[in-house]
There are 2 protein chains.
Amino acid sequence: MTEIERLVQLLSKLPGLGPRSGRRAALQLLKRRETLLLPLAAALAAAAQRVHPCSTCGNLDESDPCAICRDPKRDPQMLCVVEDVADLWAIERTGAFAGRYHVLGGTLSALDGIGPEDLDVPGLLRRAPRGGEVIIALNATVEGQTTAHYLIDRLAPSGAAVTRLAHGVPVGGELDYLDEGTLAAALKARRPL
Amino acid sequence: MTEIERLVQLLSKLPGLGPRSGRRAALQLLKRRETLLLPLAAALAAAAQRVHPCSTCGNLDESDPCAICRDPKRDPQMLCVVEDVADLWAIERTGAFAGRYHVLGGTLSALDGIGPEDLDVPGLLRRAPRGGEVIIALNATVEGQTTAHYLIDRLAPSGAAVTRLAHGVPVGGELDYLDEGTLAAALKARRPL
């Protein structure tokens, strides 16, 4: 295999890229050697060396505990449970949450053979803040909701209030394009103006 | 900027990826450190070091002249002109061409300020095989066709026959979905059965 073929093969494995876009990406990299190829090679090597999972919450960061776990301004009485680091990043981008996180590392799935022992449930139970709040921010999919119900049961003795994200109309969303389930949930959870 | 942000920023510049898919790719890389991140870092470094443009035809390869230019089984009397290395790869994948290539490096575009001096036209004129054939395999876009006409004029004194790719119905294509221009071209160039 040539160096180019090897590069295309690896790039094709990235999410969102396939064989065709992998070839386009490889070509773009080879054309933009100084501004893209070499910086990306360096960034990958640096990330491999410096970025690791936080042993407390599962976030990825250059320090352990991660910047969020170390931040004294973060409320330790608020713990937000997410499936994946991507979801943690998504919530951080909102700037609307000032507590801490717990990354489960997946959701229960009989189909994929993922049981409670494959997720960081012990860590969550250990960290659930007595007298505080655990916000379950899992995807609104069958697996996410199954996992949420499982966690609610397990968290019952912890002494923490357990909440979940609200369902409703996405901001900027049009009712006409919304599925019936979401619309029904939004109607049920209507708020006084 | 953290290492992760830097990685996301660079990945987002790859064709086919944006900020969101760049983040997903970064996360995937960090999760698959041994099987994806480190191999990709190594492949990029190797490609940066070993892959260079062929000084004869403009192809990208680990040797100069490239493997195609060096291959004695390749007919030097057939020269296929392409805009970009991606097009060369596409034609190579067909396995239907056993001549050599010439990568122009772009197409004429008044809008983007790309004139003949920005393309490897001198190299093409020098390499045009007297008594042989130059196949113009440029995109069937306005820029591609403008460039084709320009090249036909410049190649006239070379003593090479100049041809272009056929227009017609894509193999497996449905007439109903085809634009009128292509269908008209296919009708005009109909072949006896």
Side-chain angles (χ1 to χ4, degrees), chain A residues 1-53 58-63 66-67 84-90 93 105, chain B residues 1-53 59-63 66-67 84-90 93 105-106:
Chain A
M1 196 184 291
T2 68
E3 294 295 349
I4 296 179
E5 284 164 356
R6 175 110 190 98
L7 185 58
V8 170
Q9 193 196 50
L10 287 163
L11 288 169
S12 303
K13 288 185 187 168
L14 294 179
L17 294 184
R20 179 182 291 263
S21 44
R23 281 195 299 267
R24 284 181 53 219
L27 207 54
Q28 187 74 0
L29 283 160
L30 289 165
K31 280 185 193 168
R32 297 179 53 192
R33 186 192 168 80
E34 302 300 326
T35 57
L36 195 54
L37 200 165
L38 294 173
L40 182 58
L44 286 167
Q49 205 188 338
R50 298 200 204 132
V51 178
H52 297 281
N59 186 18
L60 288 164
D61 199 12
E62 290 168 54
S63 64
C66 74
D84 197 282
V85 177
D87 302 324
L88 186 161
W89 291 354
R93 284 197 298 278
Chain B
M1 194 185 293
T2 68
E3 293 295 349
I4 296 179
E5 285 165 355
R6 174 110 191 98
L7 185 58
V8 170
Q9 192 195 49
L10 287 164
L11 288 168
S12 302
K13 290 185 186 169
L14 293 180
L17 294 184
R20 179 180 292 263
S21 44
R23 282 195 298 269
R24 285 181 54 218
L27 206 54
Q28 188 72 0
L29 282 160
L30 289 164
K31 281 185 192 167
R32 296 179 56 192
R33 187 192 168 79
E34 302 301 325
T35 57
L36 195 54
L37 201 165
L38 293 174
L40 182 58
L44 286 168
Q49 205 189 338
R50 297 200 206 133
V51 178
H52 297 281
N59 187 18
L60 288 163
D61 199 11
E62 290 168 54
S63 64
C66 74
D84 199 280
V85 176
D87 303 322
L88 185 160
W89 290 355
R93 283 198 299 279

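In what follows, chains are A, B, ... by sequence order, proteins preceding strands, each numbered from 1.
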Which pairs would a plain distance check flag for residues 10-20 of chain A, meaning a side-chain donor or acceptor within less than 3.5 Å of a matching protein atom at least two apart in sequence or in another chain?
unit_1, atom_1, unit_2, atom_2, d
A/Ser12, OG, A/Val8, O, 2.7
A/Ser12, OG, A/Gly18, O, 3.4

If you look only at distance, which donor and acceptor atoms sit under 3.5 Å apart when one is on a side chain in residues 29-42 of chain B and the other is two or more places apart or in another chain?
unit_1, atom_1, unit_2, atom_2, d
B/Lys31, NZ, A/Asp84, OD1, 3.4
B/Lys31, NZ, A/Asp84, OD2, 2.6
B/Arg32, NE, B/Thr35, OG1, 3.4
B/Arg33, NH1, A/Ala48, O, 2.4
B/Arg33, NH2, A/Ala48, O, 2.5

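The choice from B/Arg6, B/Gln9, B/Arg50, B/Glu3 that makes the most heavy-atom pairs within less than 4.5 Å of chain A is B/Glu3.
Looking only at side-chain heavy atoms (C-beta outward), B/Thr2 and A/Val51 stay at 4.5 Å or farther from each other.
Rounded to the nearest 0.5 angstrom, A/Trp89 CH2 and B/Glu5 CD are separated by 9.0 Å.
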